Amino acid sequence: MANEAITRCRHIISSLEQDYEARLQSRAASGHTSSSSSSSSSHPSALGTVAKKKKNTSSSTGTLSSANTPLYGPATEDGPNPAVLEALTDAERRTTEEDARWMRRVLLDLDDMSDTICRVIDSAELCRNVHASADFRDAASNVCLQMSSYIHRLNANTLLYQLLEVYRTNPAVQGFLTAEENTVASLHQAEFEASGIHLPDEQRNEIVQLQERISNLTLSFGQVANNSPPMAVEVPRSAMSRLPKTFMLDDLPSGSSPDSVVLACDGERANAVLKWSQHAETRKQVFIASNMRAPENLEILDQLLRTRTELAKRLGYNSYASLVLRANVAKSPEVVQVFLTDLWRGLQRKAHAEMELLSEEKRKWEPNEPSAIYGWDRGFYTGVTKAKKHELNGATLAEYFSLGNVLDGLATVCDHVFGVKMRIVGAHATELWSSDVIKVEFSNEEEGVLGYCYLDLLRRDGKSNQAANFGIEFGRIERNDQFRLPRWAIICSFARPSLRRPTLLTHSDVETLFHEFGHSLHLLFSRTRFQHTSGTRCAVDLVETPSTLMEFFVWDPRILPLFAKHYKTGKPLPASMIRNLRASKNMFSAIDTQHQVLLSLLDQTFHHLYATKDHPKTASGNPETTVDMLRRLQNMYTTIPFEEHTHWHTHFSHLTTYAGSYYTYLFCRVFSTSLWYKYFQKDPLSREAGNKLRSELLRYGGSKDPQSILRTLVGAPSVKDFIRSMQEEIEVTENSEA
């Protein structure tokens with residue numbers, strides 16, 4: 001599969017190379033020359049006369065090409081941009097039209113290469129995380145490494161960069177290309193330059209080696225995090241008495257006495273104990289054990305951060321975060337830092353008030369212990385405080401959220417808001433990686449079938465417990481103007497059903513499923529001619545906007561009764577429980593958001609300061625380790641102190657997948673909050689609002705400037721609006737219902 005993809009890419013490159021040489025010879029024969037047609041190329045392949053005619057895009061000084069500032073707007077539906085036509089002579093117009101046709105062909109061929117590679121590596125990435133066969137997962141991991149290495153080498157290929165020459169050297173070409181074509185050309189140019197295309201051969205090869213090392217370390221970090229066996233602790237059986245029945249306490253092995261059990265502290269089991277167990281010492285044991293997993297990743301992470309910093313420095317950036325953020329809405333680490341610290345300051349008063357509520361509750365349960373709230377206290381005391389104040393019982397609530405009912409809820413929202421039907425369809429055995437997987441078709445009356453989603457939602461051995469949305473084949477408008485249907489997978493790790501009851505979800509699980517479905521909307525409704533900008537292939541600080549927007553639906557009192565029904569009786573969730581659930585939402589929102597700020601600042605510190613001249617030092621003058629950084633940031637920016645000897649960041653997978661960009665979850669939540677209040681608050685099932693979201697955001701994928709998209713939809717959302725929404729949301733909703 002990987003070798004076939006590489007062979008196909010080589011054929012495309014060979015065809016482009018031959019036509020490029022013929023084009024240059026034709027232009028030379030007719031007396032036309034390019035603005036950069038002297039000197040020689042250092043491209044390692046044999047370019048024949050092309051190599052002798054073309055200027056080497058590398059330079060001994062390693063200077064990047066100047067920014068391609070648009071002089072003209074893109075072409076319109078009626079033809080080339082009028083400003084271009086006015087500026088050009090007839091001869092110049094003919095030449096520019098020819099350049100634009102060539103550029104369009106290059107972009108389509110590059111996209112075919114990108115598509116060929118991505119269909120392999122995206123499928124392999126999915127399989128290495130979820131496939132039921134360990135051998136298959138190992139093979140998929142090897143494919144990921146092989147294809148990642150090939151991608152790095154393509155991005156350092158000077159011939160491919162030279163193919164974009166007319167876009168760089170003839171600004172008038174932009175007026176003959178569509179907006180999407182201009183975006184794709186600019187993206188390719190930036191990607192080549194971020195891979196050191198501007199450097200001499202030796203330095204460029206070193207960049208490739210650094211990138212391959214980063215790929216290997218990233219894969220190793222994920223494998224250790226996923227496969228590291230959980231630590232086991234022996235705890236009193238009585239400490240587990242408040243856990244929900246779905247925990248299946250009887251399945252746990254007995255400890256050294258009949259009154260104890262042995263608990264493997266993986267993510268789901270640990271979280272259940274931390275939320276439900278009234279026994280403080282048990283919670284502490286489980287908290288520490290679950291946050292000491294994967295110690296090997298401390299060294300792997302150190303190497304990964306150092307290698308990323310080295311790569312950024314070689315490319316002329318101060319830090320890896322600076323390199324990553326150049327293409328984002330935020331643009332720089334300094335902008336992100338201001339955003340996060342402003343948000344943190346705005347949370348302070350509410351966070352301290354929330355912490356006092358937790359301390360007050362703790363004093364009732366543990367009168368002889370300090371009232372300070374520790375890591376193992378947060379889940380339990382937020383739960384019991386919410387339950388008391390708002391008469392909420394999580395186990396009872398879950399009985400209204402069977403997995404089947406929640407999927408019906410997604411289908412209802414999708415139908416009403418977007419006019420799209422969901423139905424389960426049969427799948428060929430070769431499409432599926434486990435018997436748990438079901439295939440869902442999306443369609444509407446006007447367009448027919450729109451795409452396919454594979455739902456893999458149940459826990460099983462060897463499967464990542466991280467909820468995620470994996471693209472398998474991204475949609476695009478093909479050269480024949482036919483739309484290729486997208487295919488993707490939603491991955492969760494919910495409890496398996498028993499003989500006595502179906503899979504029941506917590507309300508947090510429901511929120512997670514709706515979040516991942518938000519990514520599906522991007523994949524489903526994107527209509528681009530290039531898979532390179534299709535669906536979720538957009539700016540990382542835009543990509544979480546549809547997903548965080550979908551979370552609002554699971555809190556809305558007009559939506560919940562449509563699907564929240566008791567799994568036995570079919571009765572809808574009572575209005576009183578909905579009111580109490582709504583009232584509880586923002587009860588500890590400042591502490592929750594504070595934790596997200598910590599994760600974002602940790603990611604920024606790792607990728608903006610680690611192994612740089614500004615690397616922080618300890619009191620003794622030694623460079624801080626990643627644990628030192630975590631300790632300092634947690635104690636500075638949260639109300640819950642760091643627990644010594646723990647290192648929960650060793651299984652924080654977003655350090656690899658969202659390196660330098662974890663802040664985007666909060667960044668996008670600011671945008672989605674504004675979207676909800678502007679378009680959905682009055683009527684959450686508004687087809688008009690759904691059409692607006694589809695036409696102004698989802699259809700563009702990454703083919704349009706994200707700032708332009710957001711300005712069109714919401715203007716300039718602010719952190720103050722986001723913080724205010726935490727306090728006003730209940731009041732706004734109740735007033736809208738009155």
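Only a predicted model underlies this, so the values are computations on that prediction, with no experimental measurement involved.
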*Asks:* Is the F552 ring parallel, tilted or perpendicular to the W676 ring (thresholds 30°, 60°)?
*Replies:*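 The arrangement is parallel - the two ring planes meet at less than 30°.
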*Asks:* Is a salt bridge present between R669 and E551, judged by a nitrogen-to-oxygen distance below 4.0 Å?
*Replies:*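 A salt bridge links R669 with E551.
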*Asks:* Regarding R527 and the six-membered ring of F483, is the cationic atom NZ or CZ under 6.0 Å from the ring centre and inside 45° of its axis?
*Replies:*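 Positive - R527 is close enough to the ring of F483 and near enough to its axis.
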*Asks:* Say whether S703 and T533, considering side chains only, have a donor N or O and an acceptor N or O under 3.5 Å apart.
*Replies:*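 Checked: S703/T533 side chains show no N/O donor-acceptor pair below 3.5 Å.
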*Asks:* Establish, from distance only, whether the side-chain atoms of W555 and E511 form a donor-acceptor pair under 3.5 Å.
*Replies:*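 Yes - a donor-acceptor pair under 3.5 Å links their side chains.
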*Asks:* Is there a donor-acceptor pair closer than 3.5 Å between any side-chain N or O of D111 and the backbone N or O of H532?
*Replies:*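 Checking the backbone N and O of H532 against the side chain of D111, a donor-acceptor pair under 3.5 Å is found.
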*Asks:* Could you check whether the rings of Y665 and Y662 sit parallel, tilted or perpendicular, using 30° and 60° as the cut-offs?
*Replies:*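 Tilted: the ring planes of Y665 and Y662 meet at 30° to 60°.
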*Asks:* Side-chain donor-acceptor pair under 3.5 Å between T506 and D509, yes or no?
*Replies:*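 T506 vs D509: donor-acceptor pair found between side chains.
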*Asks:* How are the rings of F652 and H654 set to each other: parallel, tilted or perpendicular (split at 30° and 60°)?
*Replies:*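 If you compare the ring of F652 with that of H654, the planes turn out tilted.
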*Asks:* Are K585 and D592 ion-paired here, with the side-chain N under 4.0 Å from a carboxylate O?
*Replies:*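 No.
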*Asks:* Strictly under 6.0 Å, is that where the ring centroids of Y658 and Y663 end up?
*Replies:*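 No - the distance between ring centres of Y658 and Y663 does not fall below the 6.0 Å cut-off.
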*Asks:* Looking at Y454, is R487 sitting on its ring face, NZ or CZ under 6.0 Å from the six-membered ring centre and within 45 degrees of the normal?
*Replies:*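 Not satisfied by the 6.0 Å and 45° rule.
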*Asks:* Where does the angle between the aromatic ring planes of F525 and F418 fall among parallel (under 30°), tilted (30 to 60°) and perpendicular (over 60°)?
*Replies:*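 Because their plane-to-plane angle lies in the 30° to 60° range, the rings of F525 and F418 count as tilted.
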*Asks:* Quick one: do R476 and D112 make a salt bridge, cutoff under 4.0 Å?
*Replies:*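 Salt bridge between R476 and D112, a charged N being under 4.0 Å from a carboxylate O: yes.
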*Asks:* Can K386 be said to sit on top of F588's aromatic six-ring, NZ or CZ under 6.0 Å from centre and within 45° of the ring axis?
*Replies:*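 No, K386 does not sit over the ring of F588.
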*Asks:* Return yes if a side-chain donor-acceptor contact under 3.5 Å exists between H131 and S133, otherwise no.
*Replies:*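 No, because no side-chain N or O of H131 sits under 3.5 Å from a partner of the opposite role on S133.
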*Asks:* Would the distance check show the side chain of H416 and the main-chain N or O of T412 forming a donor-acceptor pair, the cut-off being under 3.5 Å?
*Replies:*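 The answer is yes, because a donor-acceptor pair under 3.5 Å joins these two groups.
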*Asks:* Is there a donor-acceptor contact under 3.5 Å linking the side chains of Y150 and N155?
*Replies:*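 On atom types as modelled, these side chains do not qualify, holding no pair under 3.5 Å.
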*Asks:* One thing to verify: whether R479 and D109 come together as a salt bridge, which I'm taking to mean a side-chain N less than 4.0 angstrom from a carboxylate O.
*Replies:*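 Yes, D109 and R479 are salt-bridged.
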*Asks:* Classify the side-chain pair S547/E516 by whether it contains a donor and acceptor separated by less than 3.5 Å.
*Replies:*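 Not at all, the side chains of S547 and E516 share no donor-acceptor pair under 3.5 Å.
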